[in-house]
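So you know, we letter chains A, B, ... as the sequences are listed, proteins then strands, and number each from 1. Keep in mind it's a predicted model, so treat the numbers as computed, not measured.
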Protein chains: 2
Amino acid sequence: MANRSDTKTRILDAAEKLFAERGFSETSLRLITSKAEVNLASVNYHFGSKKELIRAVLARYLDVFMPAAADAIVAVRQENANASLDAIFSTLVAPLLDLNQLRAEGTTTFLQLLGRGYIESQGHLRWFITTHYGEYLSLFVNAVAESAPHIPPAEMFWRLHFTLGTVVFTMASADALTEIAEADFGEHNDIEAVIRKVIPYLSAGVSVPLTKDVI
Amino acid sequence: MANRSDTKTRILDAAEKLFAERGFSETSLRLITSKAEVNLASVNYHFGSKKELIRAVLARYLDVFMPAAADAIVAVRQENANASLDAIFSTLVAPLLDLNQLRAEGTTTFLQLLGRGYIESQGHLRWFITTHYGEYLSLFVNAVAESAPHIPPAEMFWRLHFTLGTVVFTMASADALTEIAEADFGEHNDIEAVIRKVIPYLSAGVSVPLTKDVI
DNA sequence: GTCTATACGTCGATAGAC
DNA sequence: GTCTATCGACGTATAGAC
């Protein structure tokens with residue numbers, strides 16, 4: 001068959017699109033393989049299981065995004081050792097938008113996959129990301145912590161997870177929210193606009209001074 | 001059989017516990033009915049489907065929490081018409097903790113169910129909550145909006161959804177986060193401590209002044 | 001090595017007897 | 001209301017063809 005890429009890539013391409021559109025649990029292997037025009041069993045041959053296919057789909061993006069994001073953060077901190085929290089978060093915008101060159105709708109797809117992945121999977125994806133990309137995450141966490149030195153480590157732990165929740169939930173439902181915002185407020189937002197909206201929210205929350213325990 | 005409540009309640013009690021512990025998709029109807037010691041088909045007889053069972057489990061809490069939360073917000077705004085955002089959010093703490101009187105571990109269970117529910121279900125629970133409890137939600141949204149009058153409605157829409165993401169994600173993974181915080185920082189947090197940690201984060205994010213579009 | 005046909009166990013759901 | 005039996009769809013595993 002002409003113009004037929006190899007089975008593994010065909011599965012990844014079909015799975016990526018369907019996962020981003022419909023979520024993981026709502027996308028069956030039978031749907032993926034029929035859309036990719038490959039046999040059902042080939043998923044297990046090439047990837048072992050559905051969970052590993054999900055990880056492989058995400059890895060195609062993370063392998064590009066994580067090093068690029070790390071480079072950008074290192075660069076901004078070399079220019080300005082006292083970079084603000086907003087500056088640290090904003091540093092991620094360019095690497096995110098660059099994913100559109102990797103694949104059509106790359107940024108949106110990646111953020112939806114990441115959001116859905118963190119949300120739908122209990123642990124296996126969290127584990128995958130922290131073990132495979134832990135060095136990049138640490139670099140980011142350290143940059144944030146040093147930009148808000150008045151927040152003790154234990155408190156910063158919580159605030160970074162609050163931040164993760166905001167990002168993950170927002171990106172998983174970005175399509176729906178954008179549609180509602182358009183209908184209710186006549187406001188058109190692309191994925192970059194949503195990213196730029198969330199950054200000040202996150203910066204403010206992460207860096208807000210601790211309230212006194214005793215009043 | 002002595003001390004055997006009716007089938008419907010037995011199903012709800014078993015389902016609530018299992019859903020909160022393991023999540024919805026990881027909890028099969030067969031597990032619920034065997035633990036509740038009722039027949040598998042009785043779930044569909046009494047509730048129609050698994051989705052409707054999920055809604056019924058949440059409704060038992062929402063029917064108590066929503067009116068109590070609304071009363072608390074009305075009360076605090078009568079005392080102080082210019083109540084701060086922190087005050088509005090803090091108003092919800094007492095109604096949440098009161099759920100411990102409704103059922104053992106009620107607060108934790110409710111927040112886990114709410115978090116998991118919003119996260120695992122795409123739309124059907126969002127729809128259920130907004131249609132059945134919309135009046136209470138509006139009251140809360142209005143109170144927040146009036147406590148941050150410098151934020152335009154369209155921007156407030158986004159920030160409230162960022163907030164929803166933080167809450168939902170944090171509460172769905174509160175158990176795991178509490179364990180990590182204990183292991184890494186020797187910090188013991190109950191559900192109230194987590195709630196009180198998240199409020200300043202949310203207030204700061206919701207009320208942060210808009211950044212200039214043009215620099 | 002790659003791919004395919006086929007089957008296994010579990011799932012939510014349902015029809016029909018009692 | 002409650003039960004048994006069964007359905008189609010699911011993820012997964014494997015024997016065997018190319």
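- Summarising the geometry, the separation between NE2 on B/His46 and C1' on C/dT14 is reported as 16 Å, rounded to the nearest angstrom.
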Let me have the donor-acceptor pairs involving side chains of residues 90-102 of chain B, under 3.5 Å, with sequence neighbours excluded, atom names and distances please.
{"residue": "B/Ser90", "atom": "OG", "partner": "B/Asp86", "partner atom": "O", "Å": "2.7"}
{"residue": "B/Thr91", "atom": "OG1", "partner": "B/Ala87", "partner atom": "O", "Å": "2.7"}
{"residue": "B/Asn100", "atom": "OD1", "partner": "B/Gly106", "partner atom": "N", "Å": "3.1"}
{"residue": "B/Asn100", "atom": "OD1", "partner": "B/Thr107", "partner atom": "N", "Å": "3.1"}
{"residue": "B/Asn100", "atom": "OD1", "partner": "B/Thr107", "partner atom": "OG1", "Å": "3.4"}
{"residue": "B/Asn100", "atom": "ND2", "partner": "B/Thr107", "partner atom": "OG1", "Å": "3.3"}

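- Listed by chain and number, the residues in a salt bridge (charged side-chain N to carboxylate O under 4.0 Å, His left out) with B/Glu192 are B/Arg196 (sequence neighbours excluded).
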Donor-acceptor pairs under 3.5 angstrom involving side-chain atoms of residues 175-183 of chain B: please list them, not counting sequence neighbours.
{"residue": "B/Asp175", "atom": "OD2", "partner": "B/Gln112", "partner atom": "NE2", "Å": "3.2"}
{"residue": "B/Thr178", "atom": "OG1", "partner": "B/Ala174", "partner atom": "O", "Å": "2.6"}
{"residue": "B/Glu182", "atom": "OE1", "partner": "B/His188", "partner atom": "ND1", "Å": "3.1"}

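- In this structure, the CZ atom of B/Arg10 is 14 Å from the C1' atom of D/dT2, given to the nearest Å.
- In this structure, B/Phe128 has its ring center no closer than 6.0 Å to that of B/His124.
- Taken to the nearest 0.5 Å, the NE2 atom of A/His46 stands 10.0 Å off from the CG atom of A/Leu12.
- Side-chain nitrogen and oxygen atoms of A/Thr7 include at least one within less than 4.0 Å of the OP1 or OP2 phosphate oxygen of C/dC3.
- For the side chain to side chain donor-acceptor pair (under 3.5 Å) test, residues two or more places apart in sequence or in another chain that qualify with B/Tyr61 are B/Glu16, B/Arg103.
- Of the side-chain N and O atoms in A/Asn39, none sit less than 4.0 angstrom from OP1 or OP2 of C/dT2.
- Judged by distance alone, with hydrogens and angles left aside, the side-chain atoms of B/Asn44 form a donor-acceptor pair with the main-chain N or O of B/Gly48 at under 3.5 Å.
- The CZ-P distance, from B/Phe47 to C/dA13, rounds to 13 Å in whole Å.
- For the helix from C/dG1-D/dC18 to C/dC18-D/dG1, the end axes, each set by the C1' atoms of five terminal pairs, are bent relative to each other by 10° (nearest 10°).
- Spacing between atom CD1 of B/Ile11 and atom P of D/dG1 amounts to 11 Å, rounded to whole angstrom units.
- Look at CZ on A/Arg22: it is 13 Å from C1' on D/dC10, rounded to the nearest Å.
- B/Asp63 and B/Tyr133 are linked by a side-chain donor-acceptor pair at a separation below 3.5 angstrom, with hydrogens and angles left out of the test.
- At distances below 3.5 Å, not a single donor-acceptor pair connects side-chain atoms of B/Arg22 with backbone N or O atoms of B/Thr27.
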Polar atoms only, N or O, under 3.5 Å: list the protein pairs with nucleotides 11-16 of chain D and their distances.
{"residue": "D/dG11", "atom": "OP1", "partner": "A/Leu29", "partner atom": "N", "Å": "3.3"}
{"residue": "D/dG11", "atom": "OP1", "partner": "A/Lys50", "partner atom": "NZ", "Å": "2.9"}
{"residue": "D/dG11", "atom": "OP2", "partner": "A/Leu29", "partner atom": "N", "Å": "2.9"}
{"residue": "D/dG11", "atom": "N7", "partner": "A/Arg30", "partner atom": "NH1", "Å": "2.7"}
{"residue": "D/dG11", "atom": "N7", "partner": "A/Arg30", "partner atom": "NH2", "Å": "3.3"}
{"residue": "D/dG11", "atom": "O6", "partner": "A/Arg30", "partner atom": "NH2", "Å": "3.0"}
{"residue": "D/dT12", "atom": "OP2", "partner": "A/Lys50", "partner atom": "N", "Å": "2.8"}

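- Note: CG (B/Leu53) to C1' (C/dA13) measures 14 Å, nearest angstrom.
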